[in-house]
Amino acid sequence: MAPRRPVLNIADDASGGGLDGRSREIFRLIVESYLDTGEPLGSRNLARMLPNALSAATVRNVMSDLEYLGLIYSPHTSAGRMPTEGGLRFFVDAFMELGGLGEDDRKNIDRQVLDAGRNATMDSMLTEASQLLSGLTHGAGLVVAGKAEIALKHVEFVMLEPGKALAILVAEGGEVENRIVDLPAGVTPSQLTEAANFLNHNVRGRTLAEAREEMTLRLEEMRQEIDSLSADLVRRGLAVWGEGQDNATRLIVRGRSNLLGNLQDERDLSIMRHLFDDLERKENLVQLLDLADEGSGVRIFIGSENRLFSLSGSSLVVAPYRDGANRVVGALGVIGPTRLNYRQVVPVVDYTAQVISKMLSRG
């Protein structure tokens, strides 16, 4: 796949606030030091880092102005300065230059994700993508899948007992789902076979929603082609699968241990507990898909901007992936502390979403 420059869809616009060149340089160094170390930067150390010699007193005056603007703060008395969430947003919007992904990283993503997609199920490919995101970014990689309905390849009904059958659905991607179906009174094994043959002939390659719509439109024709009990069985089978699929939003998270590696105190641990609790709340997953669907590219949410994980104050870098019809069918990204290496994470998330979309477009 030919590389392209990541498309960054900024969650919120930040104003530059009219900073002069010296203020911008000091602010940039404070943020970059924080992203590297997680620690505040003091005026003496900052003065040594500047290309043009400035006194520590002058640096402190500039830092005071930046603090007044809400871009930096002091975590405690006599400490250096760290960026606020607003400061990080301003840095991402106004300072951060996104480069391309390195050739080795692209090849690594291609190999691992594409091989998983060719040799295993869709779930395996998404799990591999989540693990890969975690490994490359040192955050927690997450993938949400749930908007796409699977396309049917084969359907089979197996009689279990009077009034019960096992409905087996095989998707074109190799996934298999088994559901118990309540049978209409009087259904025979031969009618089970007749219903399965009818479905395999008429709905192969269609999604469940398309199959249900097709069967509704062809209700009268169905009654002529197969008997009423078999027609009822066809509708029941599609209904059972449809109920399970419409709400089957799935979350795959890998690399949670990465978020625990740099905890400094009990407060940090409490924040991570909030994050893990948030990740377990399934109702948030649809919102995550909606966030990705709101823009065409990678989106960055910093701290409280991210309404899904606001309690933990975590940052989220997320991008949608699409099917062959260019519909958003899922989202993938990286979640971690606010001092994520955004410059590195954004291209990784963007390219991985491209690879997944490419695989899905092949069908």
Side-chain angles (χ1 to χ4, degrees), residues 6-17 19 24 27-41 66-67 69-75 81-98 133-134 137-142 144 253 255-256 258-259 262-264 267-268 270-272 274-279 284 287-320 331-350 353:
V7 177
L8 185 59
N9 188 311
I10 298 300
D12 294 302
D13 291 330
S15 171
L19 298 184
R24 290 170 66 89
F27 172 70
R28 183 184 64 79
L29 289 171
I30 291 172
V31 175
E32 289 182 348
S33 175
Y34 169 72
L35 294 179
D36 287 340
T37 69
E39 300 294 330
L41 183 62
L66 293 172
E67 191 166 5
L69 292 172
L71 297 176
I72 62 175
Y73 76 104
S74 176
R81 299 298 186 271
M82 301 167 65
T84 62
E85 286 184 5
L88 283 173
R89 166 54 58 192
F90 174 50
F91 177 81
V92 167
D93 292 356
F95 287 81
M96 191 175 72
E97 296 182 2
L98 295 176
L133 287 169
S134 170
T137 65
H138 308 293
L142 76 168
V144 179
V253 181
R256 296 188 190 203
N258 289 340
L259 303 181
N262 297 312
L263 300 186
Q264 302 296 320
R267 178 180 176 275
D268 290 339
S270 176
I271 287 173
M272 283 302 103
H274 279 306
L275 172 58
F276 292 158
D277 287 344
D278 285 340
L279 289 173
N284 286 340
Q287 297 179 47
L288 184 56
L289 285 172
D290 291 340
L291 287 178
D293 204 1
E294 290 171 6
S296 59
V298 182
R299 308 197 77 208
I300 297 175
F301 298 89
I302 299 173
S304 59
E305 293 176 355
N306 175 6
R307 62 181 182 266
L308 296 184
F309 309 119
S310 57
L311 287 177
S312 65
S314 302
S315 285
L316 172 70
V317 179
V318 63
L332 58 81
V334 172
I335 189 168
T338 54
R339 66 182 194 91
L340 273 175
N341 186 338
Y342 301 99
R343 186 183 289 109
Q344 176 201 26
V345 171
V346 168
V348 170
V349 169
D350 179 69

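These numbers were taken from a predicted model, which means no experiment stands behind them.
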Answer yes or no: is there an ion pair linking E85 with R89, defined by an N-O contact shorter than 4.0 Å? no
Backbone N/O of [Y] and side chain of [X]: donor-acceptor pair under 3.5 Å:
X: S315; Y: G336; result: no
X: T84; Y: G70; result: yes
X: S33; Y: L29; result: no

Test of understanding: with salt bridge (Lys or Arg N to Asp or Glu O under 4.0 Å), list the residues that count as partners of E67, not counting sequence neighbours. R81
[Y] side chain reached by [X] side chain, heavy atoms, under 4.5 Å:
X: I302; Y: Y342; result: yes
X: V298; Y: V318; result: no
X: V346; Y: I300; result: yes
X: L340; Y: V334; result: yes

Carefully, step by step, assess F91 and L35 under the rule side chain to side chain contact (heavy atoms under 4.5 Å, CB included). CA-CA 11 Å; F91 177 81; L35 294 179; 4.0 Å; yes
Which atom names give the shortest non-hydrogen contact between [X] and [Y], and what distance separates them?
X: G255; Y: S134; result: CA-OG, 3.1 Å
X: R343; Y: E32; result: NH2-OE2, 3.9 Å
X: L71; Y: G86; result: CD2-O, 4.4 Å
X: P75; Y: M82; result: CG-SD, 3.6 Å
X: I335; Y: L142; result: N-CD2, 4.1 Å
X: P320; Y: G297; result: CD-O, 3.7 Å

Of V31, L69, L19, which is the lone residue that meets side-chain contact (heavy atoms from CB on, under 4.5 Å) with F90? L19
For T137 and N341, what are the C-alpha separation, side-chain angles and deciding distance, and is it a side chain to side chain contact (heavy atoms under 4.5 Å, CB included)? CA-CA 8 Å; T137 65; N341 186 338; over 6 Å; no
Roughly how far, to the nearest 0.5 Å, is the CG atom of L88 from the OH atom of Y34? 6.0 Å
Distance in Å, D350 CG paired with L332 CG, rounded so as to fall on 0.5 Å steps: 9.5 Å
Measure from NZ or CZ of R24 to the centre of the six-membered ring of F95 and say whether it is under 6.0 Å with the direction within 45° of the ring axis. yes
